[in-house]
Every structure is written in C-alpha cells, then in structure tokens.
Amino acid sequence: MAFTREKSTGTPRLALIAIALAGLLVLITGVFLAVAYREGPKGVAGGVLGSAIGGPFHLVDHNGKPFTEADLKGKWHLIFFGFTHCADTCPTTLSELSVALDQLGTGRDAVRIVFISVDPERDTPDVLKSYVSSFGAIIALTGTADEVKQAAKAYRVYYAKHPLAGGDYDMDHSAVIYVMDPEGHFATTLSPAAPAADLAARLKKLLS
C-alpha cells in the first residue's frame with residue numbers, strides 16, 4: 001500500500017500527525033497483503049482477513065445511478081480510491097489497470113475497475129464520467145461527504161483535504177488497489193506502483 005500526497009509548499013503540524021496515522025494504516029494493510037499472498041492464489045477470501053476490508057456503502061456512479069456493495073457481486077472488482085485532480089498516482093494507476101485488464105484475454109469480462117472519489121466536492125458524476133472516459137471501461141463512484149467517508153472507512157482508506165495558497169486544495173490519500181472476489185469479499189491487494197504486466201499476472205492467478 002502506498003500513501004500519496006500532491007506537491008505542496010508546507011507541512012503543518014496536523015499534516016504530520018495525519019501522515020503518521022496514514023503510515024500506521026499502510027503498515028496494517030501491508031500485513032494484510034503479506035498474509036494474502038501466503039494464503040494462496042485466491043488470497044484471503046473466506047478467511048478471517050477476508051472480512052476485515054469492505055462493507056456497506058451507498059454511492060452513485062458516473063451516470064448518476066445508485067451503486068452499493070451489492071453491485072460488487074458476480075465479478076472480480078479492483079477498487080481504487082483517488083480523485084480527478086490527482087496529478088500522477090491516480091491517472092497512472094487507472095491507466096495501468098486498464099492495460100492489465102486488456103492483457104487478460106478471455107478473462108477480461110470477469111473483472112471490473114471501480115474508482116471511488118475522495119473529493120466529492122469537485123468530483124460530481126459528470127466530472128467523473130468525463131475523467132474515466134480516457135481509461136476505458138471504468139466505474140467511477142461519488143456521493144455526499146458522509147457517504148464517501150463511510151465507503152473509505154469500510155476499506156480502511158485514509159484521505160484528507162490539504163489547503164493550498166490562494167484558496168485551492170489538494171487531497172492527501174492512501175493508495176492501494178483492493179481486489180474483491182465475485183462474492184463481494186476482500187481477497188487481496190495490488191500495488192498501484194506495479195506495471196500492467198505484473199498486475200495482469202497476479203489477476204490471472206486469481207481467475208484460474
């Protein structure tokens with residue numbers, strides 16, 4: 001799991017505390033990842049750790065239609081939290097995931113990418129629809145501030161608004177790809193820094 005912050009001009013005390021907490025979150029999720037790989041090619045789904053990530057949420061997709069945890073059933077889902085104003089991590093991750101899915105061949109239809117915005121103030125359904133159109137078939141989700149907070153809590157995701165000079169802001173957020181199995185259970189995580197070929201190789205093991 002990685003933690004990403006957009007470029008800024010200062011690091012306030014509260015931001016340092018937030019980063020420390022995010023570091024703890026990274027460590028915990030890192031343990032989940034290590035155990036998932038030891039548990040076998042299908043990850044930890046069905047085990048104790050399989051229930052540690054994920055849970056109820058109520059959001060809307062980029063077409064304005066309701067989307068909940070129930071919609072994760074039936075296919076493998078790759079869930080990534082980010083925001084459209086993200087300068088590097090988010091677009092790079094979505095691009096690599098899209099390429100990885102194209103490398104799955106006949107398994108492509110068994111996997112969907114879900115991008116959940118941590119910036120509901122700016123990321124409306126229309127904004128998300130335009131944004132994900134550059135990456136292929138991706139489901140983008142948003143909601144009210146409280147709805148996004150609930151989804152992030154379910155997936156142990158850290159995020160916070162980071163004010164910038166002039167009144168604008170960036171979003172600090174943890175970066176990890178959560179893999180949910182066709183039953184809607186957490187299976188494992190993937191690194192957003194991994195190249196498409198490595199992501200595709202891991203996904204092929206999960207699908208086998």
K.L.:
Working to the nearest 0.5 Å, report the span between CG of D172 and OH of Y158.
P.N.:
5.0 Å
K.L.:
Could you tell me which non-hydrogen atom of G55 sits nearest to which non-hydrogen atom of A154, and how far apart they are?
P.N.:
N-CB, 3.9 Å
K.L.:
Does any pair with a residue in residues 187-208 pass ring-ring contact (aromatic ring centres under 6.0 Å, His included), and if so which ones, sequence neighbours excluded?
P.N.:
none
K.L.:
Holding to side chain to side chain contact (heavy atoms under 4.5 Å, CB included), I want the full list of residues that pass it with T92, two or more places apart in sequence or in another chain.
P.N.:
E96
K.L.:
Could I get the full list of side chain to side chain contact (heavy atoms under 4.5 Å, CB included) partners for K161, not counting sequence neighbours?
P.N.:
E121, Y169, M171
K.L.:
Parallel, tilted or perpendicular, judged at 30° and 60°: which one describes the rings of Y178 and F81?
P.N.:
perpendicular
K.L.:
If I compare all heavy atoms of A100 with all of A196, which pair ends up nearest, and what's the gap?
P.N.:
CB-O, 3.5 Å
K.L.:
Once side chain to side chain contact (heavy atoms under 4.5 Å, CB included) is applied, do any residues pair with E69, and if so which ones, sequence neighbours excluded?
P.N.:
P56, F57
K.L.:
Can you check side chain to side chain contact (heavy atoms under 4.5 Å, CB included) on S117 and T84, steps first, answer last?
P.N.:
CA-CA 7 Å; S117 174; T84 63; 5.8 Å; no
K.L.:
Please list all pairs meeting salt bridge (charged side-chain N to carboxylate O under 4.0 Å, His left out) that have one or both residues in residues 107-118, counting only residues at least two apart or in different chains.
P.N.:
D102-R108
K.L.:
How close do S191 and L199 get, counting heavy atoms only, and between which atoms?
P.N.:
O-CD2, 3.8 Å
K.L.:
CZ/R202 to OG1/T189 distance, rounded to the nearest 0.5 angstrom?
P.N.:
9.0 Å
K.L.:
Using the rule that Ile, Leu, Val, Met, Phe, Trp and Tyr join whenever any side-chain heavy atoms are under 4.5 Å apart, tell me whether V99 and L207 fall into a single cluster.
P.N.:
no
K.L.:
Please report the C-alpha distance between M180 and V114 in whole Å, then the side-chain angles of each, then the deciding distance to 0.1 Å, and finally whether the side chain to side chain contact (heavy atoms under 4.5 Å, CB included) criterion is met.
P.N.:
CA-CA 10 Å; M180 310 301 286; V114 177; over 6 Å; no
K.L.:
For residues 125-136, please give each side-chain donor-acceptor pair under 3.5 Å, one per line with the distance, not counting sequence neighbours.
P.N.:
from, atom 1, to, atom 2, distance (Å)
K129, NZ, N63, OD1, 3.3
S133, OG, S130, O, 2.6

K.L.:
Does R156 reach the main-chain N or O of A52 with its side chain, forming a donor-acceptor pair under 3.5 Å?
P.N.:
yes
K.L.:
With a 3.5 Å distance limit and no angle check, can you tell me whether T142 reaches the backbone of D123 through a side-chain donor-acceptor pair?
P.N.:
yes
K.L.:
Check for me, please, whether V111 and L97 land in the same ILVMFWY cluster - side-chain distances under 4.5 Å, paths through other members count.
P.N.:
yes
K.L.:
How far does CD1 of I79 sit from CG of L72, to the nearest 0.5 angstrom?
P.N.:
4.5 Å
K.L.:
Can you name the nearest heavy-atom pair linking V148 to V118, along with the distance?
P.N.:
CG1-CA, 4.0 Å
K.L.:
Please round to the nearest 0.5 Å and tell me the distance separating atom CD1 of I113 and atom CD1 of I138.
P.N.:
4.5 Å
K.L.:
Are any side-chain N or O atoms of T93 and backbone N or O atoms of T89, one a donor and one an acceptor, separated by less than 3.5 Å?
P.N.:
yes
K.L.:
Could you tell me whether a side-chain N or O of D61 sits under 3.5 Å from a main-chain N or O of I139, the two making a donor and an acceptor?
P.N.:
no
K.L.:
In this structure, which one of L203, L206, L104 forms a side chain to side chain contact (heavy atoms under 4.5 Å, CB included) with W76?
P.N.:
L206
K.L.:
Quick check: does any side chain N or O of H77 sit under 3.5 Å from a backbone N or O of K75, one acting as donor and the other as acceptor?
P.N.:
yes
K.L.:
With rounding to the nearest 0.5 angstrom, report the CD to CD distance, Q150 to E147.
P.N.:
9.5 Å
K.L.:
Roughly how far apart are D146 CG and H58 NE2, rounded to 0.5 Å?
P.N.:
13.5 Å
K.L.:
Could you please spell out the steps behind the side chain to side chain contact (heavy atoms under 4.5 Å, CB included) verdict for L78 and V179?
P.N.:
CA-CA 5 Å; L78 310 179; V179 182; 3.9 Å; yes
K.L.:
Which heavy atom of R122 sits nearest to which heavy atom of D119, and what is that distance?
P.N.:
NE-OD2, 2.6 Å
K.L.:
Please report the closest heavy-atom contact between C86 and H173, naming both atoms and the distance.
P.N.:
SG-NE2, 4.2 Å
